[in-house]
Amino acid sequence: FFLSLKLEKKTKGKLQKQICQVVLDHFEKQYTAELGDAWNSVRDVLTSPWCWQHALLLNRFSRSPGLESSLAEQGYHPAFPAALPYLPAAFRCYTRRAPGRFPAQKHQPGRLKEYYLLNAASLLPVLALEVKDGEDVLDLCAAPGGKSVAILQCACPGHFHCNEYDDLRSRWLEQTIESFIPDPLINLIRVSKLDGRQIGDLQPEFYDKVLVDAPCSNDRSWLFSADPQQAVLRLMQRKELSSLQFQLLR
C-alpha cells in the first residue's frame, strides 16, 4: 500500500494518458465481484504504470558486447531460475524489481535488434511448450511477434508457421520477424493471414506444438483509452472474446 502511494506521487504529472473513468467504473463492478478483496491490489498495479514490470529478451542472433554487463550494473537479473525443467542456454531474459522501462530500439531494415521488450510473464507459455529442434510449430495468433521470436531463441523448428488474421497486425508481425531473425532462418518461417479457427481443418495433426495466444481484453491498455466512446464499444466487444478464444482452442 505504501509502495503504491509513493509510486502514485512519482507518476503524477508524468502520464500522457489519463485513466478512462468509464472503463475503471466497469472494472470496479466486474472485478470486485470476481476477485473480492484481491481487486484492490490488482487495481493498484493496473492504474500505476510504475508498477508494470518490463523485461528484456536478448536476441541470440544479434549479440551485443557489454549489454549483459550493463544490465547487471542497472540492477537487472535473470528473470527465470536455472532450475526450470526447460530453459535453453540461448534463452536469456532479464528483469529488475525497480520500476521503469529500458529504451526501445527502432526498426531498421537490414539490421537486427539486440533485445525485445515485453512482460516476462508472457514468456511462460513459450517455456511450457518446450519446443525442440526439428519440431513443426504453429503460433496461431502470432502478432506482434514476441512469442514467435522467443520460440526461435529456444530452438530451430523444422517448420515454423506464424499466423495472424488481422491485416495490420500481420504486417507488424512481419516487421518483428525481420527485426530479430536473420535471413537464412526467415526463409524457413511461413507467415499467413488465415482464420485461426480453420487451420486445424486445413492441416489436421500436422503440428507437434501449437501456441495459442488468443485475443484478450487487454484491460491495462484500455484503462488508459483516450476515447470514452471507443472504450465503451470495446467493453461491449470483450464480452464475446471468451467464445472466440474457445473456438480457437477447439
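FYI, side chains are in, hydrogens and waters are out, and symmetry mates aren't considered; it's all heavy atoms of this structure.
A heavy-atom distance below 4.5 Å is found between the side chains of Ile186 and Asp183. Using a 4.5 Å cut-off on side-chain heavy atoms (C-beta onward), Ser148 and Phe160 make contact. Annotation: side chain of Leu46 is in contact with side chain of Trp39 (closest heavy-atom distance under 4.5 Å). Side-chain contact check for Leu152 versus Pro157: some heavy-atom pair is nearer than 4.5 Å. Two residues are said to be in side-chain contact when any heavy atoms from C-beta on lie closer than 4.5 Å; Cys141 and Asn163 fail this criterion. With contacts defined as side-chain heavy-atom distances shorter than 4.5 Å, the pair Arg238/His26 qualifies. Side-chain contact between Leu57 and Gln153 is present, with at least one heavy-atom pair separated by less than 4.5 Å. For the pair Leu58/Tyr94, a side-chain contact is recorded, criterion being any heavy-atom separation below 4.5 Å from C-beta on.
Remark: the Gln74 side chain and the Ser70 side chain contain an N/O donor-acceptor pair separated by less than 3.5 Å. Inspection of the Glu174 and Ser170 side chains reveals no N or O donor paired with an N or O acceptor under 3.5 Å. Under 3.5 Å, the side chains of Gln105 and Tyr116 contain no donor-acceptor pair of N or O atoms. Between the side chains of Ser192 and His161, at least one donor-acceptor pair of N or O atoms lies under 3.5 Å. Ser217 and Asp219 form a side-chain donor-acceptor contact under 3.5 Å, judged by distance and modelled atom types alone.
Both Val126 and Ile189 belong to a common hydrophobic cluster when Ile, Leu, Val, Met, Phe, Trp and Tyr are linked at side-chain heavy-atom distances under 4.5 angstrom. Neither Leu117 nor Ile177 shares a network with the other; the hydrophobic side chains, linked directly or stepwise wherever heavy atoms of I, L, V, M, F, W or Y lie under 4.5 Å apart, form separate groups for each. Side-chain heavy atoms closer than 4.5 Å link hydrophobic residues (I, L, V, M, F, W, Y) into clusters, and following such links, even through other members, never connects Leu123 to Leu56. Cluster membership check: Ile181 shares its hydrophobic cluster with Val137, using side-chain heavy-atom separations under 4.5 Å among Ile, Leu, Val, Met, Phe, Trp and Tyr. In terms of hydrophobic clustering, with Ile, Leu, Val, Met, Phe, Trp and Tyr side chains grouped at heavy-atom distances under 4.5 Å, Val131 and Phe61 are assigned to a common cluster.
In this structure, the side chain of Glu164 engages the main chain of Ala143 through a donor-acceptor pair within 3.5 Å. Although no hydrogens or angles enter the test, the distance criterion places a donor-acceptor pair under 3.5 Å between the side chain of Asp133 and the main chain of Cys156. The closest donor-acceptor contact from the side chain of Thr176 to the backbone of Pro144 lies under 3.5 Å. Asn119 places no side-chain N or O within donor-acceptor distance of the main-chain N or O of His54, the cut-off being under 3.5 Å. Distance alone, capped at 3.5 Å, places no donor-acceptor pair between the Asn59 side chain and the Tyr115 backbone. A side-chain donor-acceptor contact under 3.5 Å links Gln245 to the backbone of Pro215. The closest donor-acceptor contact from the side chain of Ser221 to the backbone of Asn218 lies at 3.5 Å or more, if one exists at all. Formation of a donor-acceptor pair under 3.5 Å by the Lys193 side chain with backbone atoms of Asp166 is not found in this model.
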Can Lys29 and Asp25 be said to form a salt bridge (charged side-chain N to carboxylate O under 4.0 Å, His left out), step by step? CA-CA 6 Å; Lys29 181 178 179 180; Asp25 290 345; over 6 Å; no
Side chain to side chain contact (heavy atoms under 4.5 Å, CB included) evaluation trace for Arg220 with Leu223: CA-CA 5 Å; Arg220 188 172 65 188; Leu223 182 59; 5.8 Å; no
Where do Lys113 and Lys106 land on the side chain to side chain contact (heavy atoms under 4.5 Å, CB included) test, with the steps shown first? CA-CA 8 Å; Lys113 293 184 179 181; Lys106 293 183 179 180; 5.9 Å; no
Show your reasoning for whether side chain to side chain contact (heavy atoms under 4.5 Å, CB included) applies to Phe180 and Ser62. CA-CA 8 Å; Phe180 286 90; Ser62 178; over 6 Å; no
Assess the residue pair Arg43 and Glu28 against the criterion (salt bridge (charged side-chain N to carboxylate O under 4.0 Å, His left out)); give the C-alpha distance rounded to whole Å, side-chain angles, the decisive distance to 0.1 Å, and a yes or no. CA-CA 9 Å; Arg43 181 180 54 208; Glu28 289 280 3; 2.8 Å; yes
Step by step, would you call Lys147 with Asp139 a salt bridge (charged side-chain N to carboxylate O under 4.0 Å, His left out)? CA-CA 8 Å; Lys147 292 182 177 65; Asp139 190 349; over 6 Å; no
Before you tell me yes or no, could you show the steps for Ile151 and Cys154 under side chain to side chain contact (heavy atoms under 4.5 Å, CB included), namely the whole-Å CA-CA distance, both residues' side-chain angles and the distance that decides it to 0.1 Å? CA-CA 5 Å; Ile151 287 173; Cys154 296; 5.7 Å; no
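We find the CZ-CZ distance between Arg197 and Arg250 to be 9.5 Å, quoted to the nearest 0.5 Å. Distance check: Glu68 CD to Arg63 CZ gives 7.5 Å after rounding to the nearest 0.5 Å.
Nearest heavy-atom pair across Leu173 and Gly145 is CD1-CA, 3.6 Å. Nearest heavy-atom pair, Ala155 versus Lys132, reported as atom, atom and distance to 0.1 Å: CB-C, 3.8 Å.
Other residues sharing the hydrophobic cluster of Leu249, ordered by chain and number and joined by side-chain separations under 4.5 Å: Leu138, Leu140, Leu194, Ile199, Leu202, Phe206, Tyr207, Val210, Val212, Leu244, Leu248.
Scanning for ring-ring contact (aromatic ring centres under 6.0 Å, His included) contacts around Trp222 gives an empty result, with sequence neighbours left out.
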Residues 228-235 side chain polar contacts: donor-acceptor under 3.5 Å, at least two apart:
{"from": "Arg234", "atom 1": "NH2", "to": "Cys216", "atom 2": "O", "distance (Å)": "3.1"}

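With a 6.0 Å radius and a threshold of 12 heavy atoms from other residues, nucleotides or ligands, Asp37 has its CG atom at or below the threshold.
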